[in-house]
Q: 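Let me give you the structure first, and then I'll get to my questions.
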Amino acid sequence: MTDTRFDPSQADGRWQRAWEEAGTFTANSDSDKPKSYILEMFPYPSGRIHMGHVRNYTMGDVLARYKKMRGAEVLHPMGWDAFGMPAENAAMEKGVHPGKWTHANIDAMKAQLKRIGFALDWTREFATCDPEYYGHEQALFLDMYEAGMVYRRSSEVNWDPVDMTVLANEQVIDGKGWRSGAEVEKRKLDQWFLKITDFAGDLLDGLETLDGWPDKVRLMQENWIGKSQGLEFSFELSDGETLPVYTTRPDTIFGASFVAVAADHPVAQAVAKDDPLAATFIEECKKGGTTAAELETMEKLGFRTQLSARHPFTGDAMPLFIANFVLMDYGTGAVMGVPGHDQRDFEFATKYELLIRRVVASDASEADAPMGEEAESGDGVIVNSDFLDGMSVEEAKAEVIARAEGGGWGKGTTVWRLRDWGISRQRYWGTPIPFIHCETCGIVPVPKDQLPVKLPEDVDFSIPGNPLERHAEWKATTCPKCGGAAQRETDTLDTFTNSSWYFLRFASQPDDAPFDPVEVAKWMPVEHYIGGIEHAILHLLYARFWTRALAKIGKLEVKEPFASLFTQGMVTHETYALGDGSWLSPDEVRKDGEDYVHIESGQPVTSGRVVKMSKSKKNVVDPDNIIADYGADAVRWFMLSDSPPERDLPWSESGIEGCWRFVQRLWRLFDQIDDSASGEDKALARKAHQAIVAVAEDIEALSFNKAVARIYELTGAAEKAPPSADRNFVIRTILHLIAPMMPHLAEEAHAKLGADALIADAAWPKHDPAMLVEDEVTIAIQHKGKLRDTLTAPKGASKDDLEALALASEKVQRSIDGAAVRKVIVVPDRLVNIVT
RNA sequence: GCGGGUGUGGCGGAAUGGUAGACGCCGGGGACUUAAAAUCCCCUGAGUUCUUACUCGUGUGGGUUCGAGUCCCACCACCCGCACCA
């Protein structure tokens, strides 16, 4: 053979064109084959594909190609999550229109994805900034409005002063904007909301059905939704007003010794009106930080008002405080303080010398046991509580709730941590909210036949803030109801709405509707959804909510969009720094023996921690350069090798070189098929049959690293084996096993071996069940649990035979050294353990 | 603080309670070559050693078992998520 090297620089492109021309990966929804929808989280068009994308899409690609080989009709689409802040930042910095910037990025990234040879159905590609897409989104939003799932109210919002927009609670991390990192301020604005809280219970219950999701993600969502059950009841205040409070521990009600309200509670505000000291205290509370560290150390502070609250059972008057640890936006913004059995109340009561009373004890006889240095929040029996005495915590809860409901002063309720989703953004580059403000008619939805409400093209980014707000011409419209002059809503939808239904649009994209439910039903739910753990709450909760909301208004059959979810790890890289601490990129550094040297200055370089690739640490490796050097298949192989896919993958130059060597090794092996060879090699053939099954299992479990190891093993065995008909079969098997992972090499070798069809259309190899079983096995011989010898025995040998063989071993006899054999444990086909 | 996860060679990592370290990377030695690249072969957990073996070894300490990386109890370290949630 003349060409002893596989040359990806010309083979990759050739096969990519071949697949495209043949429409190999175009999904046919009318196919009779079983359907398989494989989806990776679509990218934001930032401008460049990074290694994280490559890893993510390679995993999905292997699944998609494998499923196709197993006879499925596969939908594996790609598109662009194209709205968002970076486009506006680019507009402000470089004076480019966000749309132009975004489309240029899409073009560049699409070309990059194509060079990696992903099996994508590009016929379904779209960007969420396409008016067709966001127009349908506006229609869905109006449907939700009609169903009562959308409302507008004035609310205190998280205002990001850098991005000059409102953020959802989910987008505030440690008191800072998730994107800008700026300290978030509180502002009161008219905002649009989606009633995600109406679905809180549903979203929580649905988690139980998601067997294919990581427990970790399910748990994170569970905590975020934050269901808690308790009693809501009202105290009578000394001024005649009533104060509703919420508690999860109604059983401890006899231990209550004070009542506290949040600083921004109406009662506190009323008190502050007449009491300057109270007003000062409230101001102090607002200054407090919100970061974890600050909250940790913050002292529980309170202001004792002149008011008191009347205990519903004893009638005792309890002091009413304004307290800094009570949150206005959870429960009712007011609590009953039970110092004995709540740590915060305990600290508070200690500071203000309030009564700390035991109402739960380990045993009735411990009723008078003194309280310790901490509150006791555990289980026990109720004491010092009148009619509750002797009950368990659970019984007492039920009893108090029953009496409150009977007496009409309270009721058992469920409180959620989840808030409604504020979706108003004061930005240009997003879906315009399809509403009109009319002086006479109020807020009026845009009639559906007027959709899409398109973004204006001529916008000015020279001043910060929302260009839509300043665009008089765009804003001016007529009221659909009265026909009078009116103004358009200038807020746009949070970008997370764009990604909340894109998977439906991939499955079906009619012109006149967001999707066709019949077509969607053919593909949904997504069989494998792959992406980063950073979306565990935000995107994945919103997408689940939209799917349920659309199901509720009869547009969908499915309630859960993603049958199984896989969260992949990050791609990491060593970091390099000079003595002065400045970071260096991998190509500025040369390896000199064990050490690293700065190429330019010759200075020594210290190699640091292996961390996520990031621009700031300069440890980014550009996939394009690597593909140019090694070809797509070596990179794909690297992405699948070594690290389990859910863990981080450390990128290394030597690692990719190893992958490159393996590509060439396979190429030489595929060249060694010798049709003149005859004869059997049963042991080798058996290995191949075992690998067919094992690699399939590994791919289905997304254990790509194990599949890779098995292929290495089989390849090594095939290389060493002498020519035979079986060896030819084994080499052809390897060719098919690697096809989903290294598709270009596989096509090239497949064609060279005389095939005229694409291997992408080939079937997964069939195994012979009879060939999975070994006829000889290695038996481990232990003496007192320690390995002394191994021997080969026919499979299925009897226990007696194995025992005899084991005792005949010279090494074993030496170890036993004449001691009396007390017991022999025989595990057939595995081991013999001799106990003396 | 609460919840979850992970600890195995120089590194990434394998291992239904049954031969720990598969497979890959790094490293060492050799072959081929004028030389290099490429390729191929051998070695590669630690220690002792009369090179034949033995001892130790999966974060630490206990336990269950004929047998534990795997199961149980206690602890340590690191990572992730949430957090004055009443």
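We name chains A, B, ... by the order of the sequence lines, and we start the count at 1 in each one.
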Q: With rounding to whole Å, what would you report as the distance between B:G69 and B:G18 at their P atoms?
A: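 These two P atoms come out 10 Å apart once rounded.
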
Q: Would you say the ring centroid of A:F258 lies under 6.0 angstrom from that of A:F348?
A: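 They qualify: ring centres under 6.0 Å apart.
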
Q: Could you state the CD1-C1' distance from A:I834 to B:G18, rounded to the nearest angstrom?
A: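 A:I834 atom CD1 is separated from B:G18 atom C1' by 14 Å.
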
Q: Less than 4.0 angstrom between a side-chain N/O of A:R417 and OP1 or OP2 of B:A86, yes or no?
A: no

Q: For A:V827, answer base if it contacts any base atom (sugar-phosphate contacts may also be present), sugar-phosphate if it contacts only those atoms, and nothing otherwise; contact means non-hydrogen atoms under 4.0 Å.
A: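 Base, at least one base atom sits under 4.0 Å.
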
Q: Go through A:D671 and A:R668 one step at a time and tell me if the salt bridge (Lys or Arg N to Asp or Glu O under 4.0 Å) criterion holds.
A: CA-CA 5 Å; A:D671 204 36; A:R668 288 191 298 272; over 6 Å; no

Q: Whole angstrom is fine here: how far is it from CG in A:D329 over to C1' in B:C84?
A: 12 Å

Q: For B:G4, take OP1 and OP2 only and decide whether either is under 4.0 Å from a side-chain N or O of A:R218.
A: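 Looking at the OP1 and OP2 atoms of B:G4, neither is under 4.0 Å from any side-chain N or O of A:R218.
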
Q: Could you check how far CZ of A:R5 sits from C1' of B:A38, rounded to whole Å?
A: 6 Å

Q: Paired with B:A37 by Watson-Crick or G-U wobble geometry, both distances under 3.5 Å: which nucleotide is it?
A: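 Pair assignment: B:A37 / none.
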
Q: Within this structure, what is the CE-to-C1' distance between A:M220 and B:C79, rounded to whole angstrom?
A: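 Between C1' of B:C79 and CE of A:M220: 13 Å.
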
Q: Among A:T252, A:V360, A:I253, which residue satisfies the side-chain contact (heavy atoms from CB on, under 4.5 Å) criterion with A:V338?
A: A:T252

Q: I want to check one thing: is the phosphate of B:A86, taken as OP1 and OP2, less than 4.0 Å away from some side-chain N or O of A:Y246?
A: no

Q: Tell me the interatomic distance from A:D342, atom CG, to B:C85, atom P, rounded to whole angstroms.
A: 8 Å

Q: Under 4.0 Å from OP1 or OP2 of B:G13: is there any side-chain N or O of A:R647 that close?
A: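 Yes, A:R647 has a side-chain N/O under 4.0 Å of OP1/OP2 on B:G13.
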
Q: Using the C1' atoms only, state how far B:C26 lies from B:A15, rounded to an integer number of Å.
A: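 Between the two C1' atoms, the distance is 23 Å.
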
Q: Determine whether the side chains of A:T572 and A:D648 contain a donor N or O and an acceptor N or O closer than 3.5 Å.
A: no

Q: Quick one: which of B:C41, B:G12, B:A86 gets closest to the side chain of A:V335?
A: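 My answer, after comparing the listed nucleotides, is B:A86.
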
Q: Does B:C84 have its OP1 or OP2 closer than 4.0 Å to a side-chain nitrogen or oxygen of A:K300?
A: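 Result: no.
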
Q: To the nearest 0.5 Å, how far apart are OH in A:Y246 and OG1 in A:T332?
A: 10.0 Å

Q: Which nucleotide, B:C66, B:A53, B:G3, lies nearest any side-chain atom of A:R814?
A: B:A53

Q: Find the distance A:E713:CD to B:G21:P and express it as a whole number of Å.
A: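 A:E713 atom CD is separated from B:G21 atom P by 12 Å.
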
Q: For B:G57, does OP1 or OP2 lie under 4.0 Å from any side-chain N or O of A:K786?
A: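 For A:K786, the contact criterion (side-chain N or O under 4.0 Å from OP1 or OP2 of B:G57) is not met.
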
Q: To the nearest Å, give me how far apart CG (A:L669) and P (B:C40) are.
A: 11 Å

Q: Between B:G24, B:C26, B:G3, which nucleotide has the shortest distance from any of its atoms to the side chain of A:S654?
A: B:C26

Q: When you measure from the side-chain N and O atoms of A:R788 to the phosphate of B:A53, is any distance below 4.0 Å, counting only OP1 and OP2?
A: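 No, outside the criterion.
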
Q: When the aromatic ring centroids of A:Y712 and A:W637 are compared, is their separation below 6.0 Å?
A: yes

Q: Could you give the distance separating B:A38 and B:G27 at their P atoms, to the nearest angstrom?
A: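 About 12 Å, rounded to a whole number of Å.
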
Q: Using a cut-off of strictly less than 4.0 Å, decide whether A:N705 has a side-chain nitrogen or oxygen near OP1 or OP2 of B:A14.
A: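 Answer yes for this pair, as a side-chain N or O of A:N705 is under 4.0 Å from OP1 or OP2.
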
